[in-house]
Structures are given as C-alpha cells and as structure tokens.
Amino acid sequence: MTSGAQHPDDTAAQPLRSDAERNRERIIAAARTVFARDGLNASMASVARQAGVGIATMFRRFPTKEELVDAVFVDRMNAYADTVAVALDDPDPWNGFVGYIETACAMQAADSGFADVLTMTFPTAKALEKRRNEAYEGMVRLIDRAKAAGRLREDFDLSDLVLLHMANAGVVSATGDAAPDAWRRVAALLIQSFEAPARGPLPASPEHDALYKAMLRGSPTDITSSEPGKSS
C-alpha cells in the first residue's frame with residue numbers, strides 16, 4: 001500500500017460528521033420553535049419530534065437539556081447584552097434605562113423560552129451565563145448612572161430587575177395570544193414606579209442567595225436530565 005492510499009473508513013467518516021452536524025442544527029432550529037411557543041417546560045421528546053430525529057440522536061447531540069438551552073439561547077443572550085450596551089451609550093441615563101426595560105420585556109414577549117431564560121439560571125451553560133454576567137455588569141453601571149442623574153429611585157437595586165423579568169414572564173404566559181400586548185402596560189406601570197422621586201418606601205429586597213435559589217428552582221425539573229435509557 002502506498003503512503004497516499006486511503007483507508008476505506010476515511011471516506012465514510014466525513015459524511016458521518018456532516019450528518020451529525022446537520023442533525024445538531026435541525027435540533028437547535030426545532031428547539032427554538034418549541035421553546036418559543038411552549039417555554040422551557042417543553043420536553044426533549046417534543047423537540048426531537050419537531051426536529052424529526054429519534055430521542056437517542058437528540059441525547060447524543062445534547063446529553064442534557066441545559067446544554068440544549070445554551071446552544072439555543074446564546075444568540076438571544078448576546079442580543080440582550082447588546083441591549084444593555086446600547087442603553088449605556090445613551091447620553092440620557094434614564095432614557096437608556098427605560099429603553100433597556102422596554103426592549104428586554106419585548107424580547108420576553110416575543111419568545112416564551114427566552115422569557116423563562118431571564119428568570120432562571122443555568123450553571124453549566126457557560127456561554128449563556130458568561131454573556132448574562134457581562135450584561136449584569138453593564139446594568140450595575142446603568143443603574144448607578146440613572147440614580148446619579150436623579151431619575152431612578154435610590155432604593156432600586158438589581159434584584160428588582162430579576163423581579164421585573166419574573167413579573168413580565170408571568171404576564172406573557174398568562175395572556176398569551178388572547179392579549180399579546182398586555183405586557184406593555186405592565187412594563188409602563190413598573191417603569192413609572194421606578195422613577196424618582198419615590199412615592200413611598202419599599203419592603204426589603206430579597207437576599208441575593210434567596211433569589212439565586214429561586215432562579216435555580218424556576219428551572220424545569222428535567223433541565224439537566226440526561227437520557228433515561230439508550231436503545232440498542
């Protein structure tokens with residue numbers, strides 16, 4: 001055999017890799033559709049049906065649901081982080097803050113899955129959480145600027161943003177197609193409540209650890225579940 005000879009298995013390997021990549025892209029596209037419609041409580045089996053692949057193929061590509069969430073929503077989280085950057089670029093800190101809230105709430109209204117993502121945390125979804133943390137750091141600066149400008153109430157803190165997203169996600173889920181723009185009124189009511197001067201004192205904000213536990217608990221029960229059994 002000459003040094004340039006090709007092993008028979010070499011020619012079969014490339015189509016296999018191509019098929020695997022095509023299946024991965026089909027699964028991600030299907031998950032975007034299913035999660036946007038049904039939220040993150042949608043099952044892995046429903047995503048597999050939408051993609052036209054078997055459940056075993058699904059779990060070979062994405063052994064846990066959290067890995068699928070990471071792949072599906074990292075682009076949405078990129079857009080979310082970009083929204084914070086745009087808000088920071090606004091010379092009017094209050095206008096930037098309001099624009100951020102309106103855009104983030106609109107993103108939740110447009111995608112039930114992303115509405116859930118903003119109310120949960122996914123420790124093993126590294127790309128997703130990296131961008132969320134970058135957005136968080138930007139929001140700290142935005143909040144400080146809006147307070148310094150005298151437009152945002154002094155007792156507003158970052159936990160209020162999480163509560164805002166939780167409230168908006170609940171409205172989006174409850175109203176659905178029956179009243180698809182109801183979230184706009186809720187967002188406007190909340191924005192007005194955030195503006196200085198405060199109309200009165202607020203109850204204490206939840207502790208950081210408690211809110212983090214709530215975000216973990218909000219995740220679907222099978223968010224990190226792996227394939228229960230493999231077919232032979």
Side-chain angles (χ1 to χ4, degrees), residues 24-52 58 61-62 64-87 98-136 138-139 160-191 214-224:
R24 184 179 188 279
E25 293 304 318
R26 286 168 66 188
I27 291 167
I28 291 173
R32 284 193 176 119
T33 298
V34 172
F35 290 154
R37 182 186 66 223
D38 302 331
L40 295 190
N41 280 317
S43 68
M44 294 286 269
S46 65
V47 173
R49 284 193 297 272
Q50 179 77 23
M58 161 73 76
R61 302 281 72 81
F62 298 99
T64 69
K65 195 174 185 182
E66 191 159 321
E67 289 180 57
L68 180 59
V69 168
D70 198 14
V72 169
F73 289 107
V74 67
D75 62 334
R76 306 292 200 280
M77 192 60 78
N78 285 338
Y80 175 78
D82 289 345
T83 295
V84 177
V86 169
V98 170
Y100 155 77
I101 291 177
E102 291 174 342
T103 302
C105 287
M107 291 175 72
Q108 287 186 292
D111 187 327
S112 292
F114 193 65
D116 289 342
V117 165
L118 289 185
T119 69
M120 302 173 186
T121 190
F122 310 95
T124 67
K126 301 303 183 184
L128 187 80
E129 292 301 332
K130 179 177 182 292
R131 289 297 275 156
R132 190 204 300 269
N133 288 338
E134 290 169 359
Y136 177 92
M139 283 308 306
D160 294 318
L161 285 181
V162 179
L163 298 178
L164 162 71
H165 291 317
M166 288 179 171
N168 192 53
V171 170
V172 169
S173 176
T175 56
D177 293 338
D181 291 327
W183 68 271
R184 297 182 186 276
R185 183 174 178 87
V186 174
L189 287 168
L190 289 170
I191 288 167
M215 294 176 74
L216 282 173
R217 191 168 58 191
S219 302
T221 56
D222 65 341
I223 194 70
T224 57

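One is the number of the first residue; the rest follow in order along the sequence.
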Look up atom OG1 in Thr119 and atom CZ in Phe114, then write down how far apart they are to the nearest 0.5 Å.
10.5 Å

With under 30° as parallel and over 60° as perpendicular, where do the rings of Tyr100 and His165 fit, or are they tilted in between?
perpendicular

In terms of heavy-atom contacts, Met120 and Met215 come closest through O-CE, 3.2 Å

To the nearest 0.5 Å, atom CG of Leu164 lies from atom CG of Leu190 at 5.5 Å

So which atom in Cys105 and which in Ala187 form the shortest heavy-atom distance, rounded to 0.1 Å?
SG-CB, 4.2 Å

Is Glu129 reaching over with its side chain to a backbone N or O of Phe122, donor-acceptor style, under 3.5 angstrom?
yes

Is there a side-chain contact between Val84 and Tyr136 (heavy atoms, below 4.5 Å)?
no

Does the pair Phe35 and Leu68 meet the rule for a side-chain contact (heavy atoms from CB on, under 4.5 Å), with working shown?
CA-CA 11 Å; Phe35 290 154; Leu68 180 59; 4.0 Å; yes

Spell out, as yes or no, whether a donor-acceptor pair under 3.5 Å connects the side chain of Glu66 to the backbone of Ala125.
yes

Looking only at heavy atoms, which two atoms of Met107 and Thr83 are closest? And how far apart?
SD-OG1, 4.2 Å

To the closest 0.5 Å, what do you measure between CD1 (Ile101) and CG (Leu161)?
6.5 Å

If every non-hydrogen atom of Leu128 is compared with every non-hydrogen atom of Asp70, which pair is closest and at what distance?
N-OD1, 2.9 Å

Answer yes or no: are there more than 12 heavy-atom neighbours, outside Arg185 itself, under 6.0 Å from its atom CZ?
no

Please enumerate all residues that pass salt bridge (charged side-chain N to carboxylate O under 4.0 Å, His left out) together with Glu134, with sequence neighbours excluded.
Lys130, Arg131

Begin with the C-alpha distance, continue with both residues' side-chain angles, and end with the deciding distance and a verdict on side-chain contact (heavy atoms from CB on, under 4.5 Å) for Thr103 and Val86.
CA-CA 11 Å; Thr103 302; Val86 169; over 6 Å; no

Would you sort out whether Arg49 and Val34 count as a side-chain contact (heavy atoms from CB on, under 4.5 Å), showing the intermediate values?
CA-CA 10 Å; Arg49 284 193 297 272; Val34 172; over 6 Å; no

From Asn168 CG over to Ser173 OG, what is the distance, rounded to the nearest 0.5 angstrom?
11.0 Å

What distance do Met58 atom CE and Lys65 atom NZ have between them, rounded to the nearest 0.5 Å?
10.0 Å

Testing the basics here: between Ala109 and Val172, what is the closest heavy-atom pair and its distance to 0.1 Å?
CA-CG2, 3.8 Å

Met166 versus Ala214, closest heavy-atom pair with distance
CE-CB, 4.4 Å

At what distance, to the nearest 0.5 angstrom, does CD of Gln108 lie from CG of Leu118?
5.0 Å

Listed partners of Asp116 passing side-chain hydrogen bond (donor to acceptor under 3.5 Å, both in side chains), at least two apart:
none

side-chain hydrogen bond (donor to acceptor under 3.5 Å, both in side chains) involving Asp111 - partner list, sequence neighbours excluded:
Arg76

